[in-house]
Trainee: 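First, the structure itself, so that you have it in front of you.
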Amino acid sequence: MGSFLSNLLGGPPADDSAASSEESRVTSFHSSARWQLHFNSHKESSQLLVIDFSASWCGPCRLIEPAVHAMSTQFTDVDFAKIDVDELSEVAQEFGVQGMPTFVLLKKGKEVDRVIGAKKAELEKKIQKYQSL
């Protein structure tokens, strides 16, 4: 059913990412419809959602990507999403993303914090802070 829904909404399955490894729990979104479904499902959830806004041409984004994938396996109660600002520019605009990478942390559909730049220690600290609140 997943591939049917994926085809219906236009785009590859959400977790179909060339850069992702089998252990990674980062979900890449390639269509606005799929992203909106995922985002709406989190509006009533107290689970922390970390959105990684990046671009394929962004050096710092590629530099921090392995650390983000590692955090996704470390913090199993946190949902990690990845959005390419060139593919889904309207989503990036909706969140006011101006530089990459930008990590937006959400709870119940509301932004609780953000990290701008490839700042691994700061991102990890903020995930720890908000994951159990």
Side-chain angles (χ1 to χ4, degrees):
M1 169 133 176
S3 61
F4 170 76
L5 188 59
S6 173
N7 290 335
L8 181 69
L9 296 174
D15 61 352
D16 185 24
S17 172
S20 70
S21 64
E22 289 180 0
E23 311 89 45
S24 177
R25 295 181 53 257
V26 179
T27 306
S28 295
F29 290 90
H30 304 284
S31 84
S32 295
R34 289 185 66 81
W35 163 249
Q36 205 58 53
L37 282 172
H38 189 75
F39 178 67
N40 288 341
S41 74
H42 271 275
K43 286 185 177 177
E44 300 303 318
S45 171
S46 60
Q47 181 184 30
L48 180 63
L49 171 60
V50 177
I51 311 168
D52 174 6
F53 287 97
S54 62
S56 59
W57 47 263
C58 168
C61 300
R62 289 195 307 268
L63 187 68
I64 197 168
E65 186 173 18
V68 173
H69 287 284
M71 284 182 225
S72 76
T73 60
Q74 178 184 353
F75 300 109
T76 57
D77 57 338
V78 175
D79 189 12
F80 288 81
K82 181 174 181 170
I83 293 180
D84 185 305
V85 298
D86 292 325
E87 284 184 30
L88 300 179
S89 59
E90 67 282 359
V91 178
Q93 288 176 357
E94 193 178 308
F95 283 93
V97 174
Q98 296 181 340
M100 273 87 57
T102 293
F103 299 92
V104 178
L105 287 74
L106 303 171
K107 279 238 173 164
K108 296 194 177 212
K110 304 272 189 247
E111 182 175 336
V112 293
D113 216 331
R114 71 172 50 203
V115 175
I116 300 170
K119 301 173 185 167
K120 178 186 173 207
E122 183 180 341
L123 178 60
E124 198 164 5
K125 187 185 292 185
K126 288 185 178 186
I127 289 171
Q128 289 171 341
K129 175 180 178 180
Y130 293 107
Q131 79 181 70
S132 58
L133 289 179

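Side-chain atoms are counted along with the backbone in the values below, which use heavy atoms only and exclude waters and symmetry mates.
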Trainee: Could you give me the CA-CA distance, side-chain angles and deciding distance for Glu124 and Met71, then say whether side-chain contact (heavy atoms from CB on, under 4.5 Å) is met?
Mentor: CA-CA 7 Å; Glu124 198 164 5; Met71 284 182 225; 4.2 Å; yes
Trainee: As an exercise, state the distance from CG of Leu88 to CD of Gln93, rounded to the nearest 0.5 Å.
Mentor: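 Here the interatomic distance stands at 11.5 Å.
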Trainee: Are the side chains of Ile83 and Asp52 in contact, using a 4.5 Å heavy-atom criterion?
Mentor: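 Sidechains of Ile83 and Asp52: no contact.
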Trainee: Do Ser72 side-chain atoms and His69 backbone N/O form a donor-acceptor pair below 3.5 Å?
Mentor: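 Between the backbone of His69 and the side chain of Ser72 there is a qualifying donor-acceptor contact (under 3.5 Å).
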Trainee: What's the spacing between Trp35 CH2 and Thr27 OG1 if we round to 0.5 Å?
Mentor: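 The distance works out to 10.0 Å.
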Trainee: Please check if atom CD in Glu90 has more than 12 non-hydrogen atoms from other residues, nucleotides or ligands closer than 6.0 Å.
Mentor: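 Yes, because the 6.0 Å sphere around CD of Glu90 holds more than 12 heavy atoms from other groups.
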Trainee: Under the criterion side-chain contact (heavy atoms from CB on, under 4.5 Å), I'd like the reasoning laid out for Ser54 against Lys82: C-alpha separation, chi angles, the key distance, then a yes or no.
Mentor: CA-CA 7 Å; Ser54 62; Lys82 181 174 181 170; 3.2 Å; yes
Trainee: Should Trp57 and Leu63 be regarded as members of a common hydrophobic cluster, given that ILVMFWY residues are connected when their side-chain heavy atoms come within less than 4.5 Å of each other, either directly or indirectly?
Mentor: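 Different clusters: Trp57 never reaches Leu63 through Ile, Leu, Val, Met, Phe, Trp or Tyr contacts under 4.5 Å.
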Trainee: Looking at every heavy atom in both Ala118 and Pro60, which two are closest together, and how far apart are they?
Mentor: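 It is CB-O, 3.7 Å.
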Trainee: Report the distance from atom CD1 of Ile116 to atom OG1 of Thr102, rounding to the nearest 0.5 Å.
Mentor: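 Here the rounded value is 5.0 Å.
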Trainee: When rounded to the nearest 0.5 angstrom, what is the spacing between CE in Met100 and OG in Ser56?
Mentor: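 One gets 9.5 Å once the value is rounded to the nearest 0.5 Å.
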Trainee: What heavy-atom pair brings Ala81 and Phe29 nearest, and what distance separates the two atoms?
Mentor: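 Heavy-atom minimum between the residues: CB-CE1, 3.7 Å.
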Trainee: Under a 3.5 Å distance rule, please check whether Ser89 uses its side chain to pair with a backbone N or O of Asp86 as donor and acceptor.
Mentor: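 No.
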Trainee: With heavy-atom distances below 4.5 Å as the criterion, would you say the side chains of Leu48 and Leu106 are in contact?
Mentor: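 No, side chains not in contact.
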Trainee: When rounded to the nearest 0.5 angstrom, what is the spacing between OG1 in Thr76 and CD in Gln131?
Mentor: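 Between atom OG1 of Thr76 and atom CD of Gln131 there are 8.5 Å.
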Trainee: CD of Gln98: more than 12 outside heavy atoms within 6.0 angstrom?
Mentor: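 At most 12 heavy atoms, drawn from other residues, nucleotides or ligands, come within 6.0 Å of this atom.
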Trainee: Under the side-chain contact (heavy atoms from CB on, under 4.5 Å) criterion, do Lys126 and Leu105 qualify, and how do the steps go?
Mentor: CA-CA 8 Å; Lys126 288 185 178 186; Leu105 287 74; 4.0 Å; yes
Trainee: Are the side chain of Gln47 and the backbone of Lys107 linked by a donor-acceptor contact shorter than 3.5 Å?
Mentor: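 Checked: no pair found.
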Trainee: Counting only heavy atoms not in Lys120, do more than 12 fall under 6.0 Å of its NZ?
Mentor: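 No.
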Trainee: Does the Arg25 side chain pair with the main chain of Phe80, one donor and one acceptor, at a distance under 3.5 Å?
Mentor: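 The answer is no, because no donor-acceptor pair under 3.5 Å joins these two groups.
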Trainee: Could you tell me if the ring centre of Phe53 sits under 6.0 Å from that of Phe103?
Mentor: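 Ring-ring flag for Phe53/Phe103: false, centres at least 6.0 Å apart.
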Trainee: Quick check: do Asp79 and His38 have side-chain heavy atoms less than 4.5 Å from each other?
Mentor: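 Result yes, sub-4.5 Å side-chain heavy-atom pair found.
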Trainee: Atom CD of Glu122 and atom CD1 of Ile127: how far apart are they, to the nearest 0.5 Å?
Mentor: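 Here the rounded value is 11.0 Å.
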Trainee: Is there a donor-acceptor contact under 3.5 Å linking the side chains of His30 and Asp84?
Mentor: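 His30 vs Asp84: no donor-acceptor pair found between side chains.
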Trainee: As a test of understanding, state which of Val104, Ile51, Leu123 forms a side-chain contact (heavy atoms from CB on, under 4.5 Å) with Arg114.
Mentor: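 Passing option: Val104.
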